[in-house]
Amino acid sequence: METSFLLIFAFLFFQTFSLSSNTMPITSSNVTCIARERRSLLVLKQTLTDRFNLLSTWRGVECCEWHGVGCDRRNGHVVKLDFRSSNFRERLAGELSPSLQDLKYMRSLDLSVNHFSGTIPEFLGSFVHLEYLNLTHSGFSGVVPHHLGNLSRLQYLDLSHGPLMDNLDHRTSYGYDIGVPRPVLDDLGWMSSLRSLRHLDLSYKSLEGIDWFHPLNMLPSLLTLNLESCNIVIPSAKFANFTSVSSLDLSFNFINSTIPVWLSNLTNLMHLDLKLNEFHGEIPDHLGTFSALTSIDLSSNYFETLIPDMLCNLSNLVRLDLSGNKFYGPVPAKLGLLSGLEDLALGDNPLNGSIPLSLGQLSKLKNLDLSSSSLVGVLTETHFTKLKNLNHLELSESSLALNFSSRWIAPFQLQIFNAKSCQIGPHFPNWLQTQKNLRSLNLFNSSIRDTIPEWFENILSRILDLDLSNNQISGKLPRFHFESSSDQIIDGVNLFLNSNKFEGSLAAFPENLYILDLSDNLLSGHVPQTNGTMNPSLQVVNLSKNRFTGNFPAHLCKVPNIQLLDLSQNNFYGRLPGGLGNLTSLIVIDLSNNSITGVVPSSLGSLTSLSSLHLHNNFLEGNIPVSLQNLTRLVTMDLGNNLFMGTIPFWIGENLSEIKFLNLESNKFTGKIPLHFCQLNNLQFLSLSRNNITGSIPRCLGNLSGMITDEGYIGYIGLVHSYDENIWVNIKGGKLLYTKTMRFLTSLDLSGNYIVGEIPHALMKLVKLNNLKLSGNLLKGHIPINIGDLKQLESLDLSMNKLSGRIPQSLTSLNFLSYLNLSFNNLSGAIPVGNQLRTLDDPSIYEGNSGLCGPQVPRSCNENDVTYNHVGDGDDGGQDDSNEGLWFYAGMGPGFVVGFIGLLGSLHFIRRWRVFYFETLENVYGWLVVSILLNIALLRRNVFK
């Protein structure tokens, strides 16, 4: 493929850059520089900022010998200026001096890859002899001047991209900062006069709302047109006049249409790129008649059709990319007719059926992608016998199986083999031992149940990426010996051997690493030595879920570029070294589930890039160091299940404003919940359970916006490889580990403390809560009547408190509630019924509440209990109860009066009642008198005895 493209663009280069026949060639020797033009260049130099001495040769009389300056051999005029930087870091800056206008015979001007300020100078339109103008990445901003329309001889115009960022480490994948002002185009009408234009590149210039088609349709000499990522709209025109175009790039525009009709006029097309749009419908038949086509890229669109056979008629095709669409059906059997094909990408389509044997006729094929499809069947030796040039084979996420005999010798030498989630096992494919040039091998989840064969170490020497994870490979780890190639030294080696059954020790730490993931195996022993010299590029170390032992491997503190250090779930013991503070690039450190003792070193406060800190389930003690308040980027802080003591630091709320997940459970913290926690607006998980916390629940916790709005985002995810953020949650009566779904978790757990007072009604504003656990405290009062506002609640535990009153009817509106525990309180009244509560029929939910009645408990309800339970649905439970008390006392007086009048009336009109009443009253009176006299007599006897 590379050879064909070189030929194509060599032709375009010749056509584009060749000067007209009536001028002499540009040279920089044996020519006398014109003094006026030399002075202009020196003035220009003075206005530029040249920090890297790029213009150090601009001295002396002969300016034609200066770097970047070209002169006409016949008359000495400067006709070429090339300021293009060969290094993105070494650039010119400043403004272009108007003195440049004196170079009236300029034919070629390259200002690309620099950091010029201001707008594109209008005087560039005065260079009437100009044939080449390149302003890509030049740094200019503002509107592109229409004066460029005066350049009637212009053959090459590149206005693409925008200013480069000074900090290349944070530059976007397109090489510029999208937040920096860039040159803009307000219309393209002036381009219609550039009738000599052959090459036009406007990529990454917004043409939204601009008529681009009609001005460009007046450029009959156009050979290459690049409108990548320009926000263009496809016009409804049926004809295109720029029929000489051989290269057309409309990619990254997200055009929602069918392939335009006017494309059928471009019969000279050699290169067509329509990727990453929203093209749909059929592939037009006229594409099959473009005999000059060498490259077609239709990837990442919405084509939902069969792969048309007519594409197999393009005998000159070198590259065909149909990946990322909805092509269905079989791979065309005529594929073998594309004898010149070097790149074939059919991945990420719902293709089905088996691979035709004609694939094996593509003897020039270098890159083959059949990944992420529904293709089935077996790839045999016949498919590959003639593919001697194959170096990249992509079969990941497909149902294809490889069936080669153990004696088969592959005719190709692969550099990349990706068979992720393919049926490769149970043994290592024997043919791999012949692949001496492998740079990347991915056998993730490929059903291998084997030990590492002896020959495997021979193919490791040149490897850059090795992924054998998620298999059942057993035995010892292979010996890692990598050649010190330039790529390995600069980039480092990626090793993913996690989630297998490797056992034994890690004999030696591999050198030249970038990523090392040995997690979830059976490895034991001590971690071997390494340092910054052995692994200067090492950024990821994941040894979790093994059986490593010994003190914390302090030698890792000498590897300064580590971003992820995960040693969790091992048997490390001893104290944490103060040298951890040297790892200032750390983003994630996970040391949870070990036996680490002592205090947390204050040097951890130097890890200002840290976003995730896990020290869960160790034996760490003492106070949390105040220096940790410097970790202002922390998103997750998990210090649970340790022996930390003292009051909970208030500075967590003041300084760690990015925290989303805070776990301080199962320690020895005392004192009250700091009011400063109410400032943690990003907080969506808070666990202070099983401590010695006193005081009441701050009402301002109801203002935690992270538990009210649904952001569902963890900022640092994706910045580090080979790590799943995680948190253990006491929920639904057990303990669950949340990983990939923890961004959707919202939880408040204050259980197992000595918290007093009532449940604040303000907590009912935390409408995104999934889990609310307040059990095992000294809470009193009523359950808030509007607890039904917590619509997302899945687990609610208020058990083992002193709560009283009735259970609010609003609980029945919690449609996601799957766990409820109200046991061992002083609740009374009828248990609400209906909706989700019907499924929660376990009697233990209500155990220890003798005043409750209903079908879930032994005590049945009478009519008054039921009526009482359904009174009112006010906003405030306490106010509702006080209103009922007022009505009760208000009704006592009239009730007594009415009852007394009724009694007197009965005695007056019914004689039998009247006689019985006074006889009874007399008997009671006599009994009282006798009792009083007897008691007085007994008292006197005892006193005077």
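Scope of the values below: all heavy atoms of this structure, side chains included, with no hydrogens, waters or symmetry mates. The chain is numbered in sequence order, starting from 1.
In this structure a side-chain-to-backbone donor-acceptor pair under 3.5 Å is missing from N114 to S138. With hydrogens and angles disregarded, a donor-acceptor distance shorter than 3.5 Å links the side chain of N277 to the backbone of I255. Looking at N268, its side chain does come within 3.5 Å of a backbone N or O of T243 through a donor-acceptor pair. With hydrogens and angles ignored, the 3.5 Å screen pairs no side-chain donor or acceptor of R107 with any backbone N or O of Y132. For the pair S193 (side chain) and G149 (backbone), a donor-acceptor distance under 3.5 Å is present. Panel note: side chain D102, backbone S40; no donor-acceptor pair is recorded below 3.5 Å. Of the possible donor and acceptor atoms, none in the side chain of K205 sits under 3.5 Å from a partner among the backbone N and O of V184. With hydrogens and angles disregarded, no donor-acceptor distance shorter than 3.5 Å links the side chain of T47 to the backbone of L96. In terms of modelled atom types and a separation under 3.5 Å, the side chain of N301 and the main chain of L274 share a donor-acceptor contact. Side-chain N or O atoms of E90 include none that pairs as donor or acceptor with a backbone N or O of F52 at under 3.5 Å.
Neither side chain, N391 nor Q415, offers a donor N or O lying under 3.5 Å from an acceptor on the other. A donor-acceptor contact closer than 3.5 angstrom links the side chains of S160 and T136. Checked by atom type, the side-chain pair Y204/E228 shows a donor-acceptor distance below 3.5 Å.
The shortest distance between side-chain heavy atoms of L414 and L438 falls below 4.5 Å. Contact of the N134 side chain with the R84 side chain is registered, since non-hydrogen atoms from C-beta on lie closer than 4.5 Å. Between L298 and F279 there is no side-chain heavy-atom pair separated by less than 4.5 Å. In this structure the side chain of L48 reaches within 4.5 angstrom of the side chain of F116, judged on heavy atoms. Residues N535 and L516 are not in side-chain contact: their nearest non-hydrogen atoms beyond the backbone lie 4.5 Å or more apart. For the pair V540/F496, no side-chain contact is recorded, criterion being any heavy-atom separation below 4.5 Å from C-beta on. A heavy-atom distance below 4.5 Å is found between the side chains of L81 and L100. In this structure, V144 and L135 have side chains that are not in contact, with every pair of non-hydrogen atoms separated by 4.5 Å or more.
Atom CE of residue M534 and atom CG of residue L513 lie 8.5 Å apart, to the nearest 0.5 angstrom. Atoms CG and CG, on D158 and L111 in that order, are 11.5 Å from each other to the nearest 0.5 Å. Taking SG from C64 and NE2 from H77, the interatomic distance works out to 10.5 Å, rounded to the nearest 0.5 Å. Between the CZ atom in R153 and the CD atom in E131 there is a gap of 7.5 Å [rounded to 0.5 Å]. Taking CG of N367 as the reference point, atom CG of L390 lies at 7.5 Å (rounded to 0.5 Å). Between I562 atom CD1 and T584 atom OG1 the span is 11.0 Å, to the nearest 0.5 Å.
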Could you walk me through whether S203 and H161 pass the side-chain contact (heavy atoms from CB on, under 4.5 Å) test, one step at a time?
CA-CA 6 Å; S203 56; H161 297 279; 4.1 Å; yes
Starting from the C-alpha separation in whole Å, work towards a yes-or-no answer on side-chain hydrogen bond (donor to acceptor under 3.5 Å, both in side chains) for D186 and H146.
CA-CA 9 Å; D186 57 355; H146 298 181; 2.9 Å; yes
Step by step, would you call T32 with E62 a side-chain contact (heavy atoms from CB on, under 4.5 Å)?
CA-CA 6 Å; T32 300; E62 294 302 333; 4.1 Å; yes
Verify side-chain contact (heavy atoms from CB on, under 4.5 Å) between D321 and D343, making sure each step is shown before the conclusion.
CA-CA 8 Å; D321 192 343; D343 288 345; over 6 Å; no
Any chance you could lay out the side-chain contact (heavy atoms from CB on, under 4.5 Å) test for L41 and W66, step after step, and finish with the verdict?
CA-CA 10 Å; L41 291 174; W66 295 353; 3.8 Å; yes
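Listed here is the closest heavy atom pair of S99 and L44: OG-N, 3.6 Å. Across all non-hydrogen atoms, the minimal contact from A240 to L266 is CB-CD2, 4.1 Å. Of all the heavy atoms in Y723 and L564, the pair that sits closest is CB-CD2, 3.6 Å. Scanning both residues, L607 and L583, for their nearest heavy atoms gives CD2-O, 3.1 Å. Between M191 and L216, the shortest heavy-atom contact is SD-CD2, 4.0 Å. Residue N253 comes nearest to C230 through the heavy atom pair OD1-N, 2.8 Å, listed as atom of the first residue, atom of the second, then distance.
Cys pair C33 and C63 passes the test of SG atoms under 2.5 Å apart.
Taking the six-membered ring where the residue is Trp, the centroids of F242 and W212 are separated by 6.0 Å or more.
In the displayed structure, F290 atom CZ is contacted under 6.0 Å by more than 12 heavy atoms of other residues, nucleotides or ligands. Within 6.0 Å of NZ in K558 there are 12 or fewer heavy atoms belonging to other residues, nucleotides or ligands. For K275, the NZ atom counts as densely surrounded, since its 6.0 Å shell holds more than 12 non-hydrogen atoms of other residues, nucleotides or ligands.
None of L225, L154, L151, L223 except one satisfies the side chain to side chain contact (heavy atoms under 4.5 Å, CB included) rule with L197; the exception is L154.
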